[in-house]
Structures are given as structure tokens and as C-alpha cells.
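Each residue takes its place number in the sequence, starting with 1. For ligands, and for the atoms within them, numbers begin at 1 and follow the listed sequence.
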Amino acid sequence: MEKLTPSVFLISLYLFFSIATFLPASGRPRTYIIHMDKSAMPAAFSSHHDWHTSTLSSLSSPDGISPLHLYTYNHVMDGFSAVLSESHLDQLHELPGHLATYPETFGHLHTTHTPTFLGLKKHTGLWPAAGFGDDMIIGVIDTGIWPESESFDDKGMPPVPERWRGACESGTEFNSSYCNRKLIGARFFSKGMQQAGINISTTDDYNSPRDFMGHGSHTSSTAAGSRVEGVDYFGYAKGTAIGIAPKARIAMYKAIFFNGTFTSAATDVLAGMDQAIEDGVDVMSLSLGFHETSFDLNPIAVGAFAALKKGIFVSCSAGNSGPHAYTIDNGAPWITTVGAGTIDRDFAAHVTLGYGDLTVTGKSAYPENLFVSELPLYFGHGNRTKELCYAYSLDPKEVAGKYIFCDFDPSNQNDPTYEMDRTGAEGVIFCSNYGLFYEPTQFNKPFVILNPTDGELIKNYIMKSKNVTVSIRFQTTLLGTKPAPQVASFSSRGPDIRSPWILKPDVLAPGVDILAAWVPNRGFAPIGEDDYLLTDYAIISGTSMSCPHTAGVATLLKAAHRDWSSAAIRSAMMTTAYVTDNTNGRIIDMTTGVAGTPLDFGAGHINPNKALDPGLVYDIGIQDYIDYLCGLNYTTTQIRTITGTSKFTCDNAKLDLNYPSFIVILNNTNTTSITFQRELTNVADGSSVYRAVVNAPSGLKAVVQPATIIFAGKHSNARFQLTVDVDVGVASIPQSDYFGNYGFLSWYEVNGKHEVRSPIVSAFAP
Ligand SMILES: *[C@@H]1O[C@H](CO)[C@@H](O)[C@H](O)[C@H]1NC(C)=O
Ligand SMILES: *[C@@H]1O[C@H](CO)[C@@H](O)[C@H](O)[C@H]1NC(C)=O
Ligand SMILES: *[C@@H]1O[C@H](CO)[C@@H](O)[C@H](O)[C@H]1NC(C)=O
Ligand SMILES: *[C@@H]1O[C@H](CO)[C@@H](O)[C@H](O)[C@H]1NC(C)=O
Ligand SMILES: *[C@@H]1O[C@H](CO)[C@@H](O)[C@H](O)[C@H]1NC(C)=O
Ligand SMILES: *[C@@H]1O[C@H](CO)[C@@H](O)[C@H](O)[C@H]1NC(C)=O
Ligand SMILES: *[C@@H]1O[C@H](CO)[C@@H](O)[C@H](O)[C@H]1NC(C)=O
């Protein structure tokens, strides 16, 4: 990694992993995932596990190296993983019952104020309706957990639900007694990574559920952390830390380990998901990703399908590869794929000139308050209008001991903090448009970034005055900042490269500057040149952070509506999501500063209280997903690998699902017409009448048939079709690459309060 600035460090860690597929090289044994046909198991075996291990030991090993069994999978698939030579592989392929073999792959990683930002309130709405997630269990597949964190304190929690079959495993610096009524399970899965060359005893990571990095503690506490008063990050974001589902239970499945970077093996992720299903979790949260391959090759897609069959809701991060189109990970339509938005909070410093003559506020998260406050301010020589503070441009004799004022433009690659260090200046005030893009950990030196308008005020003041002094008050937190939310520049954008016919991401959730639990023994905030400050609560950004927010909301919805399927929960979140920000404008894309599109924010930003009562939902059954896989032209073996069933036909193959969004892919054309079939289910009490309204630009015509639907009562269904005519040549103002145009279909309840809204979007094929 060249130029290891803290932000580069963060992005490469937190945001999503990139993946490499192993090509089997001859000779050396490799790790494989082997799918077996359980109907071929001889009656003599009492379990799959016995069958698999017996199968393995029956293989001959001409080179003297025996096969090594890693995991038996019971839920995510019928099969196992093992380390095999090519000779073993050839023998396996000949055996009855062998279905498919995949080589190991690797994935990488991709408060607090967010419950308030999401509108969660103690006495009304989703929190009380869901009993705060009481009795729900969230399984988190991540880097482990720090059980001593106050966010995992179980004060006031009722006993562990009796249905729970999980366990608290002991290991390096982790004792099975560390679990409690909040953290009810903790396991770890490192066999795949150990086979891949990681030596846990030398990496400093823990061969136990203990969190080495902090990421898993952060995501877990975001989803379901207990209420902790008086939390802050070096003086910023002071307040109460609380998870989205504060009474839900947490079970950690550690499957990400440190190997120079944080990496996860497909065999370990499958084992973690398999165990989570076995243990009885209600919701799974996965803030990591594998390269977007066909779904049968992707362990998260395969594991999530098994979870779907058991009614477990799966929330995944969309990835941090934005802002360009077709960068989505975890795009399987049975997963809820979550992009990242900003919140209405910012970290700041007040800059005061003279004796309070002029005060402006800029972006900073410098983690200390300075003792020396009033200092001379240096701005160029004489009457400059710009000072770029290039390397070696300043004279230490003139600036040592002062604050320097510099214009900053990253495209010029001037780094004024370099001049600050070289010259002995005390700190820097930058004038730049780029403050928004700075992560808290980048403020390792005392500097503030002012927007150009405030920067001009300061310049004018300096021009008029002599010997200007300045004082800076760091550690200021601003709330209610506007516009918010915005789509984070790093958030991966749709469509999904492998499955563009279903709009992804599904929704946006908070994922920028999120404060949550951290590991207290790992230096987090860089300060000065080589030091790091320790913290119990850290502020980080990524779709890794938005994913557990959505998992928490899904947990609350499931607690409030025990009979809803995963598709119904997602539908409720999507059709009630909002697309306007707190200035009543369309949610903007932080990268461009202009209105975003559904390729950026999906159906919009989650709105938990509204999702509690969506009126209607678009439900999806297992067979529908199979029909979609058939539409993708997957082979019988691929479909069987994903779905775990051989009992299906492809008579109904189609490239559409009963999804609460509509996407038209334009393939080498500017015009097309598509008809979508949909079915709505009334989930509100009593009968109701809904009327369809389409809101779309010219260039996107959508006709609903029928346009009025009467629902007899709760659970009653009705079908409709939507015919979309796209003519992108006519009226498109493409704002992001591959984007065509978009509008909305809303079903409004007549004499009622429900609006059930879906985006309709057109995009160009990759
Ligand atoms: C785990 O903790 C219990 C209770 O503190 C203790 O008795 C036991 O020896 C510990 N086990 C290990 C393996 O450290
Ligand atoms: C882990 O690190 C070892 C040693 O650097 C390397 O050989 C191996 O390829 C790495 N494995 C993964 C999965 O990154
Ligand atoms: C892992 O590291 C330890 C400590 O250096 C060493 O004793 C052990 O042999 C290593 N194991 C492997 C498989 O390399
Ligand atoms: C400004 O500071 C310089 C150097 O400290 C000093 O010589 C000069 O008299 C000061 N001017 C005023 C107006 O205070
Ligand atoms: C599937 O195969 C059919 C028939 O060859 C073809 O028309 C269709 O475009 C294919 N679909 C996809 C998604 O590749
Ligand atoms: C689509 O429209 C654009 C802009 O009008 C035009 O440049 C392009 O050639 C059109 N493409 C096709 C396939 O008609
Ligand atoms: C677009 O058309 C090409 C050529 O017909 C085909 O190979 C490709 O799969 C199509 N892509 C999509 C997204 O339909």
C-alpha cells in the first residue's frame, strides 16, 4: 500500500473485501467445498458427517498426503470442505453422490446518534411495538467481539430464550463464561484461513471469538448494543450509545482473521452461517463481501439461501467500491443489500480571529484540545489571495509557532500538514471543498477544514488586519447538519453485474461516521507521526456500518410481525423508504453533489417507524427465486448447489421477481418496453382500496393495470401488471454512468394513510 494515509487504511479495511479465486495448481493440496447428493448416502451411515469422513478416508493417497476434513455443512448445503490433492479430487468426482466441487475463495471486509436520526422513540413507533427487539437473536458474521465492552452488558436482560441452541466457545483470551444474557453465543471458524497460510499464533489475532480488529464489536453493538451513557470519541459525538434493537441478543460467529489484511475464507463463512442456522438466530448480519461471481460460487449467497428457507432475515453490506455503477456486492435477490448514507451530524472546530471579531466553524476531528489557543495566524507573504503551502514553500522562521492558513486542493497534491511539520507550525486552517470526504482518523494533526465561503471571510479579515491571532476550539459536534442523508461516495452502486434485472442496492442506511463499540487494546486514532490513541468507542464509515443498522431494523420488524417473511420485511423497508433529505430535496450523491438515483440509493433511506405499518407488501416465495435462477440460465447443478433441492423444474423461468422495485436494462438500445407482473398482499387490518399513481419523466412511461385494487381484508392478495416504455433518447440527463432515467409507482390507500412506493429505473447493460 503506497502512501498509507489513515483514510486509505480505513477504506481498505472496513469496506469490503476484494476476492481472489484460487486456480488449482497441480501438486499442492488445496481446500475445496464439496457438494454431495444426500439421497446417495448409503443406509449404513447414521449421519452425513460419518459418510463424508468415511468417503474421505476411502480415497487413496499416492503421494502420501491424506485428505484433511475441515467442516461438515448441514444447513447451508449438503456437503463438506476438505484439503485435497488433485488425485483425491479425481477420485471424488467418480464417486456416486458427488455433485459439485468449488475451490476455496476469500472475502474481505468491507452512536450514538443513529437511532435518533432514524426516528426511533421510546414511547411511540417501532421501538415499543417491537419490545425493542426483545426475544430476537441476531447472528453477526464478523471479526469477533470484545465481550467486556459496556455495549454487551446484560443488565436488565431477561433469561436467554429457551429455543437457543448456541454456545460460547473458549479459545485464546476468551472463556466460555464471557457470554451473558446480551452476548448469548460466540464461536469462531478459522480452519479455512489456517489452511490458506495464516498462522494464528503469529498474526496476533485470537484463535477464539475475541475481536482483534474492532469491526465485529462495532457492527454487533450497532445492531443490538445495550444502552451506554456518556460515550464519546475523544470529545466528539458525546451521548448515549445504543443499538438499533437494544433488547435483542447477539451471537458472534467469527470468520474474519488477520493475515496482513483482514480476510475471510469461504469455508469458514459457510461454517459460521451453517452454525448460526443450527443455533437458531432470527437475523444475520454480514458486513463483508466476496467477489461478485455467479451465486453458486458465492458462500454468502449460498448460505443466505439456506437462511431464507428457515425464515432467517439476511442483511449484507453493498460494498465500498462506489461511486461507479455495477460495483455492488452481495446482490443476490434473497439478500437485503444495503448502501451507506450520511447522517445529520458532523465533527467540527470553531475558529475565532482576533478577540472574537470573527468566528467560523469548520470540519475537524482532531482528538485533543490544545492548551495553546491564541496564536498568530500566517497567510502568505503580503497580499496573496491564495497560499497553497507546497512542500518547502514556507519559511520556518516566519511560520514556526503559528497557525498557517492554506488553500487546499487534493488534485494539486499539496499536503499542508507536511509544511506544518517541517516548519514547526502549530496547526493548519485549510480552505477546501473536500472537508466532507475526510474521515475522523485523518485528523491526526491539529487542522481544520473551512469551506471556501468561510475561508474567504478569514482571508478578508487577514487582509484588513495586522498581526492576526487565532484560537481554535476542537471537539465540537454539530447536529442537524444539512443536507442529510447523502449517498456516501464509497457506497457501491447498482445494478448488480451478475443479476442486473433486480434493482440493487435495496435501501440506504446510516454508514458514515458511525460511533460504536471498539476494542480498547488496539491503537485507533493516529496522532502526530507515530502514535495512536486507544478508545472504547470508535467512529468509522462503510457499508459495513449500514448493514447492521438494517439488520437491527429487520429484527424490530420481525419482533413486531412474527408472521412476516424475509421478503415481506424487506418490502416494508423499501416501500416506506424516503428519497428526500432534510432540506426536502432529493437525496444527493455526495460525490457529485447532485440528486442521486435508485442506482445509488435503491428504494431510498430506511424509515423504521413507517416500515412497521407499510399497508401492503410484495412477498416472494422460494419457488420464485428458483424461477429467477432458471431465468439466469443456471444449470441444474448450480441451482441445486444454491437452493439445496433437486426437486424443481424450470417451467416458469423468468428474469423478474415479485420485487418492490422495477428495473429495465437497456442493452444496446435507447428504447424498450417491458411488462412486469406483481402481486400485493394486504398486511394491514381490514379491507382497503388502493389507487396507483405513476410519477415519471417523459421518456419513461408506465401504465398500471388495474389501477385500482380492492383488498377484502388482512392477508388478501391482488395482482397487477406494470408496463414500462423507456425512451432514454428523449429526456435523459444521465447523472451517473449507466443510468437511464427513473420514476416511481405509488399505491395510495383511498381514505387511508398508506403509500406503497417503488422506484422504476432504467439502466444500460454493462
Ligand atoms: C473460565 O472462567 C471460569 C470462571 O471464571 C474459570 O473457573 C475457568 O477456569 C475458566 N476457564 C478457562 C479455560 O480459563
Ligand atoms: C496469508 O498470509 C500468508 C503469508 O503471508 C500468505 O502466504 C497467504 O497467501 C495469505 N493467505 C490469504 C488468504 O491471504
Ligand atoms: C506458527 O507459528 C508458531 C510460532 O512462531 C510456530 O511455532 C509454528 O510452527 C507455526 N505453525 C505453522 C503451521 O507454521
Ligand atoms: C506585529 O508583529 C511584529 C513582530 O512581532 C511587530 O514587530 C509589530 O510591531 C506588530 N505590529 C503591530 C501593529 O502590532
Ligand atoms: C438464457 O438463454 C436464452 C436462450 O438461449 C437466451 O435467450 C437468454 O438471453 C438467456 N438469458 C440470460 C440471462 O443470459
Ligand atoms: C441513444 O441516444 C444517444 C443520445 O441521443 C445516441 O447518441 C445513441 O446513438 C443512441 N443509441 C442507440 C442505440 O440508438
Ligand atoms: C446484452 O446483449 C448481449 C449480446 O446480445 C448479451 O451477451 C448480454 O448478455 C446482454 N446483457 C444483458 C444485461 O442483457
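- Dense packing is recorded around CZ of R586, with more than 12 heavy atoms of other residues, nucleotides or ligands lying under 6.0 Å away.
- Contact annotation: for W501 versus ligand 7, heavy atoms closer than 4.0 Å belong to the side chain alone.
- Between G631 and ligand 5 there is a heavy-atom distance shorter than 4.0 Å.
- Defined by atom type and a distance below 3.5 Å, a donor-acceptor pair is present between the side-chain atoms of T219 and D142.
- Residue, atom and distance of the protein heavy atom nearest to atom 10 (C) of ligand 1 are N175 ND2, 2.3 Å.
- Judged by the shortest distance from any of its heavy atoms, S177 lies inside the 4.0 Å radius around the atoms of ligand 1.
- A donor-acceptor pair shorter than 3.5 Å cannot be found between the side chains of T575 and Y618.
- Protein non-hydrogen atoms do reach within 4.0 Å of atom 14 (O) of ligand 5.
- Side chains of S190 and N207: a donor-acceptor N/O pair is present below 3.5 angstrom, by distance only.
- Taking the six-membered ring for Trp and the full ring otherwise, the centers of H35 and H98 sit at least 6.0 Å from each other.
- Between F662 and F676, the distance separating the two ring centers is shorter than 6.0 angstrom.
- Atom 8 (C) of ligand 5 has its nearest heavy-atom neighbour, among N633, I665, L632, in N633.
- For atom 9 (O) of ligand 7, the nearest non-hydrogen atom of the protein is N667 ND2, 4.7 Å.
- Within a 4.0 Å radius of atom 2 (O) of ligand 1, the protein contributes at least one heavy atom.
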